[in-house]
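Right, one structure below, let's go through it.
Counting starts at 1 for both ligands and their atoms, in listed order. The residues of the chain are indexed from 1 along the displayed sequence.
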Amino acid sequence: MQEPDDVDRATDLLARARRVSVLTGAGVSTDSGIPDFRGPQGVWTRNPEAERLSTFQDYRDDPEIRRESWRQRVAHPVWSARPGPAHDALVSLERSGRLRALLTQNIDELHQAAGSAPELVVELHGTMHHTECLSCGARAPMSEALERVSGGEVDPPCPYCGGILKSATISFGEALDADVLRRARDAAMDCDVLLAVGTSLGVHPAAGLVDVAAWAGADVVIVNAEPTPYDDVAAVVLRGGIGELLPAIVGGTPG
Ligand code: NAD
């Protein structure tokens, strides 16, 4: 745990900032019942083989990986998850008028469910709430595909062209959308504080946004239970539970 002084320093930096860009990761949603990948109870920590489900080539080339992905999507905790205190705290920050952008690696849409303005949320890795066809690019609500899986289709093909359907997320081996990445870099360049929360900062190019912000002169504040490769770059690092720390440094219930 960090010193109480560090909480005060982070609170002070955020209170004085005119523009705050926030980078969130899976750790903001663990209190909502969605496991992260690399934390102590993470999906990959418990089962390293599960990484193949998030690797584009494996998904495209291996029908068994796709069948397992659909089985897991149907049962995923995201469908019943509700925003937690960290999501609410970021809505409070937005209502204070100083949120420049909410850059999220999460694919669960819990920031929008909490009330964050969709135009401020930049989904770096896409969303689980839609599907995309790998052949024709058709996009559709995930619920339509999940109904087909529940009805017995183990690997539902695209209803338009018969291609492979996948969640509209960025897997390893896929490039980020260029426009999304540009918006994220602009927000990292244009802030007084970059607040990185609940991310191991191990996935690029998202993690590199911390460097972009620091290079442009922003103070970096990191809130995460475990060390990250960017702790040395940060003005303040807070270690502990996000659900307690984030409301403490940015304000509690959305007003
Ligand atoms: P990660 O799993 O690599 O790291 C999460 C970090 O959060 C860990 O360091 C962990 O110690 C910390 N953490 C977890 N719960 C915490 C808590 N309550 N308080 C304090 N710290 C906590 O996640 P990442 O950095 O976001 O990168 C992994 C990729 O995983 C991203 O691409 C993202 O798309 C994907 N992912 C998303 C979700 C989601 O949408 N909720 C869930 C799992 C994975």
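Residues T228 and D231 have side chains that bring a donor and an acceptor to within less than 3.5 angstrom of each other.
The closest heavy-atom contact to atom 33 (C) of ligand 1, among the options H111, E109, Q105, comes from Q105. Of the candidates P85, G198, G240, it is G240 that places a heavy atom closest to atom 20 (C) of ligand 1.
Atom 40 (O) of ligand 1 has I107 N, 2.8 Å as its closest protein atom, hydrogens excluded (heavy atom only). Nearest non-hydrogen protein atom to atom 37 (C) of ligand 1 is N106 OD1, 3.8 Å. When only non-hydrogen protein atoms are considered, atom 9 (O) of ligand 1 lies nearest to N224 ND2, 2.8 Å. The nearest heavy-atom contact from the protein to atom 19 (N) of ligand 1 is I242 N, 3.0 Å. For atom 27 (O) of ligand 1, the closest heavy atom belonging to the protein is R38 NH1, 3.5 Å.
Shown in contact with G241 at under 4.0 Å from a heavy atom are these atoms of ligand 1, numbered in order with element: 19 (N). Residue-ligand proximity, D108 to ligand 1, at heavy-atom distances under 4.0 Å covers atoms 39 (C), 40 (O), 41 (N). Listed by atom number, the atoms of ligand 1 under 4.0 Å from I34 heavy atoms are 41 (N). Atoms of ligand 1 found under 4.0 Å from any heavy atom of T30, numbered from 1 in the order shown, are 14 (C), 15 (N), 16 (C), 17 (C), 18 (N). Shown in contact with G25 at under 4.0 Å from a heavy atom are these atoms of ligand 1, numbered in order with element: 26 (O). The atoms of ligand 1 that sit less than 4.0 Å from any heavy atom of P35 are 42 (C), 43 (C).
Connection of L181 to V210 is established within a shared hydrophobic cluster, with ILVMFWY side chains joined at heavy-atom distances below 4.5 Å, either directly or through further cluster members. Under the 4.5 Å side-chain heavy-atom criterion for Ile, Leu, Val, Met, Phe, Trp and Tyr, I107 and L124 are members of distinct hydrophobic clusters.
Checked by atom type and distance alone, the side chain of T104 pairs as donor or acceptor with a backbone atom of N106 at under 3.5 Å. Listed for the D177 side chain is a donor-acceptor partner under 3.5 Å among the backbone atoms of D179. The backbone N or O of D192 sits nowhere less than 3.5 Å from a side-chain atom of R19 that would complete a donor-acceptor pair.
Counting heavy-atom neighbours within 6.0 Å of R82 CZ, excluding the residue itself, gives a total of 12 or less.
If you look at S29 next to ligand 1, the close heavy atoms, those under 4.0 Å, all belong to the side chain.
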Check: residues 212-226 side-chain donor-acceptor pairs under 3.5 Å, at least two apart:
residue, atom, partner, partner atom, Å
N224, OD1, T199, N, 3.2
N224, ND2, E226, O, 3.0

Exercise answer: donor-acceptor pairs, residues 165-174 side-chain atoms, under 3.5 Å, sequence neighbours excluded:
residue, atom, partner, partner atom, Å
K166, NZ, T169, O, 2.6
K166, NZ, S171, OG, 3.2
K166, NZ, E174, OE1, 3.2
S167, OG, T169, OG1, 2.8
E174, OE1, S171, N, 2.8

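In terms of polar-atom proximity, A26 is counted as a contact of ligand 1, with an N or O under 3.5 Å from an N or O of the ligand.
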